[in-house]
**Student:** 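I have a structure here, written as structure tokens, and I will follow up with some questions on it.
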Amino acid sequence: MNTMGIITVKIPDDLEVKFRKKILDVYGVKKGALGMAITEAIELWLEKHERPVEQK
């Protein structure tokens with residue numbers, strides 16, 4: 001069974017509007033588009049921050 005988590009966040013209004021407009025450009029009005037975009041954003045963030053720290 002594939003379970004889904006629920007996260008409630010507050011972001012600046014202008015960022016939300018910009019994000020939602022871009023979601024419409026990429027996914028259209030497809031059901032679940034917001035969740036898909038946020039999932040992609042979190043995966044990219046994790047990828048960026050999980051890279052090994054460069055050794056000096």
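By convention here, the first residue in the shown sequence is residue 1. Hydrogens, waters and symmetry mates play no part in the numbers below; they use all other heavy atoms, side chains included.
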**Student:** Name all residues meeting the salt bridge (Lys or Arg N to Asp or Glu O under 4.0 Å) criterion together with Glu40; count only those two or more places apart in sequence or in a different chain, and write none if there are none.
**Tutor:**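 So Glu40 forms no salt bridge (Lys or Arg N to Asp or Glu O under 4.0 Å) with any residue.
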
**Student:** Please determine whether residues Trp45 and Met36 belong to a single hydrophobic cluster, defined as Ile, Leu, Val, Met, Phe, Trp and Tyr linked transitively by side-chain heavy-atom distances below 4.5 Å.
**Tutor:**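 Yes; Met36 is reachable from Trp45 via cluster members.
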
**Student:** Check whether more than 12 heavy atoms from other residues, nucleotides or ligands sit under 6.0 Å from atom CG of Asp25, and answer yes or no.
**Tutor:**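 Yes, the 6.0 Å shell around CG holds more than 12 heavy atoms from other groups.
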
**Student:** Using 0.5 Å steps for rounding, measure from the CG atom of Leu44 to the CG atom of Leu46.
**Tutor:**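 Interatomic distance, Leu44 CG to Leu46 CG, rounded to 0.5 Å: 9.0 Å.
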
**Student:** Provide the closest heavy-atom pair for Gly28 versus Ala33 in the form atom of the first, atom of the second, distance.
**Tutor:**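 Gly28 and Ala33 have their closest heavy atoms at O-CB, 4.3 Å.
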
**Student:** If you round to the nearest 0.5 Å, how far is CD of Glu16 from CD1 of Ile23?
**Tutor:**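 One gets 9.0 Å once the value is rounded to the nearest 0.5 Å.
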
**Student:** Do Leu34 and Tyr27 sit in the same hydrophobic cluster, where Ile, Leu, Val, Met, Phe, Trp and Tyr count as joined when their side-chain heavy atoms come under 4.5 Å apart?
**Tutor:**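 Yes.
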
**Student:** Using a side-chain heavy atom cutoff under 4.5 Å and only I, L, V, M, F, W and Y, what cluster partners does Met4 have?
**Tutor:**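 Same cluster as Met4: nobody, lone residue.
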
**Student:** Before giving the answer on side chain to side chain contact (heavy atoms under 4.5 Å, CB included), spell out for Ile38 and Phe19 the whole-Å C-alpha distance, their side-chain angles and the decisive distance to 0.1 Å.
**Tutor:** CA-CA 9 Å; Ile38 290 174; Phe19 190 56; 3.6 Å; yes

**Student:** Mind checking the OG1-CD spacing from Thr39 to Glu43? Nearest 0.5 Å is all I need.
**Tutor:**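 If I round to the nearest 0.5 Å, the distance is 6.5 Å.
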
